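Reviewing the structure listed below.
For the single chain, residues carry numbers from 1 onward in sequence order. Everything numeric in this text was worked out from a predicted model, so none of it was measured. For the numbers below, each heavy atom of this structure counts, side chains included, while hydrogens, waters and symmetry mates do not.
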Amino acid sequence: MPYTGEEEIPKLEDVAAALHLPRSEIRKAWVNKGEYTGLPIDFLYGQAEILINVVSMDALEKVLAFLIYGQVLFPRYDKIVDVITIKIFISNNPVPTLLGDLLHSIHHRSSKGKGCVLGCAPLLHKWFISHLPRFVIKNEEGGTWVQRIKRLSYDYIVWNQKEFEGTHLFDSCGDFPNVPLVDTTGKKKLFIRAWSTVKKVDTRALGLRNYIPSDLYFRWIYDRVVEYGLPYPFDIPVVPRVTHLVIPLVLEPYVPAPNEDLAATIAS
């Protein structure tokens, strides 16, 4: 279930179970003074020291993770891990945690001036290499990424991975065409209601799956090769002749002449 922020304050026994600590210790340390509701940081550090000495690693890991939630991902008060952080911690919903980690990274880099945030670059890289043949990834010849990729034709690309057949995908969420995660437009209640009507579809419902890319894909690649003057002077062009598609389409690969000024072509 999604975390909405409107959940009830967790019971002390639930907090104790999440931290692998006695309920009596949680009850003695629990703070409830107006807006300050939660567990003191000093109490958690003290429990961590005790758990180290008794070599209770499962409980120690829980307490340390709890401290990371309270001081790194969702810091609100200096000396208290507040109840909102506690609710997120025991909800077992990874979405707030991932968003908190991303926001912390952005804040840390921007406030400390330590460089840009790459965002989803690692995820994009993972998706990209998942479609490449094994010999390109192994790179036994030691070539650069450009050298390895520009000789590939569609025959080498892994268009459809069989292990994902039958997988269910999020198709919509209530009236939203995707799954809303962060409320920036005052639609929190709409998001909460939408999360109760998530629609999933089997990948087979998305259409026929095969290993032959469509003619639209070839046209998209071809247009960009011509538009940007990309040089592919090798025997295996990036866009080979295509004569076996359902809609006949023949594309001549773009190979610039040896004396062609690519810089002038791109500039024009």
Side-chain angles (χ1 to χ4, degrees), residues 1-108 168-176 178-200:
M1 292 297 296
Y3 173 78
T4 66
E6 299 184 355
E7 289 81 0
E8 295 181 354
I9 295 177
K11 298 179 180 179
L12 295 185
E13 51 264 32
D14 295 332
V15 179
L19 294 176
H20 293 196
L21 295 176
R23 183 187 183 280
S24 58
E25 295 294 327
I26 299 295
R27 181 172 55 82
K28 288 189 296 183
W30 190 261
V31 175
N32 189 4
K33 297 180 180 180
E35 63 174 328
Y36 296 98
T37 303
L39 288 172
I41 295 292
D42 291 341
F43 163 75
L44 294 167
Y45 277 118
Q47 291 296 316
E49 292 180 358
I50 294 173
L51 295 171
I52 288 176
N53 293 328
V54 299
V55 195
S56 180
M57 297 307 298
D58 289 342
L60 175 63
E61 291 175 356
K62 289 290 185 180
V63 172
L64 292 179
F66 192 74
L67 283 166
I68 292 172
Y69 270 63
Q71 294 191 293
V72 179
L73 296 181
F74 307 100
R76 296 189 70 197
Y77 308 108
D78 292 337
K79 298 181 179 181
I80 296 287
V81 177
D82 79 298
V83 70
I84 293 179
T85 302
I86 295 173
K87 289 194 291 185
I88 294 174
F89 181 80
I90 67 176
S91 69
N92 292 323
N93 183 347
V95 173
T97 306
L98 294 173
L99 294 177
D101 182 54
L102 176 61
L103 292 175
H104 171 74
S105 299
I106 294 174
H107 170 74
H108 177 73
H168 285 78
L169 304 175
F170 285 149
D171 180 64
S172 62
C173 188
D175 294 330
F176 296 94
N178 50 24
V179 180
L181 298 178
V182 180
D183 175 25
T184 59
T185 59
K187 296 182 179 181
K188 180 177 180 180
K189 292 185 178 180
L190 292 178
F191 285 8
I192 294 173
R193 288 200 298 268
W195 261 98
S196 64
T197 55
V198 175
K199 178 185 176 182
K200 298 180 180 179

Gap separating the [atom1] atom of [X] from the [atom2] atom of [Y], nearest 0.5 angstrom:
{"X": "C173", "Y": "K200", "atom1": "SG", "atom2": "NZ", "result": "11.0 Å"}
{"X": "D82", "Y": "K87", "atom1": "CG", "atom2": "NZ", "result": "9.0 Å"}
{"X": "L64", "Y": "M57", "atom1": "CG", "atom2": "CE", "result": "8.0 Å"}
{"X": "I41", "Y": "I80", "atom1": "CD1", "atom2": "CD1", "result": "7.5 Å"}
{"X": "T97", "Y": "N92", "atom1": "OG1", "atom2": "CG", "result": "9.5 Å"}
{"X": "E25", "Y": "I50", "atom1": "CD", "atom2": "CD1", "result": "7.0 Å"}

Pairs where residues 44-68 contributes a residue and the test side chain to side chain donor-acceptor pair (under 3.5 Å) is met, not counting sequence neighbours: Y45-Q71

Full working for side chain to side chain contact (heavy atoms under 4.5 Å, CB included) between D101 and L73: CA-CA 6 Å; D101 182 54; L73 296 181; 3.9 Å; yes

Ring pair (Phe, Tyr, Trp, His ring centres under 6.0 Å) pairs, two or more places apart, involving residues 48-68: F66-F89

Short side-chain to backbone donor-acceptor contact, T85 and F74, under 3.5 Å: yes

Within 6.0 Å of CG in L98, more than 12 heavy atoms from elsewhere: yes

Whether over 12 other heavy atoms sit under 6.0 Å from D175 CG: no

Beyond-backbone contact of T197 with S172, side-chain heavy atoms, under 4.5 angstrom: no

Side-chain heavy-atom pair I86, Y69 within 4.5 angstrom cut-off: no

Tell me the closest heavy-atom pair linking [X] and [Y], and the distance in Å.
{"X": "R76", "Y": "I84", "result": "NH1-CD1, 2.9 Å"}
{"X": "A48", "Y": "L60", "result": "O-CD1, 3.7 Å"}
{"X": "E13", "Y": "R23", "result": "OE1-NE, 3.2 Å"}
{"X": "I88", "Y": "P96", "result": "CG2-CB, 3.8 Å"}
{"X": "P40", "Y": "A29", "result": "CD-O, 3.2 Å"}

Side chain to side chain contact (heavy atoms under 4.5 Å, CB included) assessment of I26 paired with F43: CA-CA 9 Å; I26 299 295; F43 163 75; 4.2 Å; yes

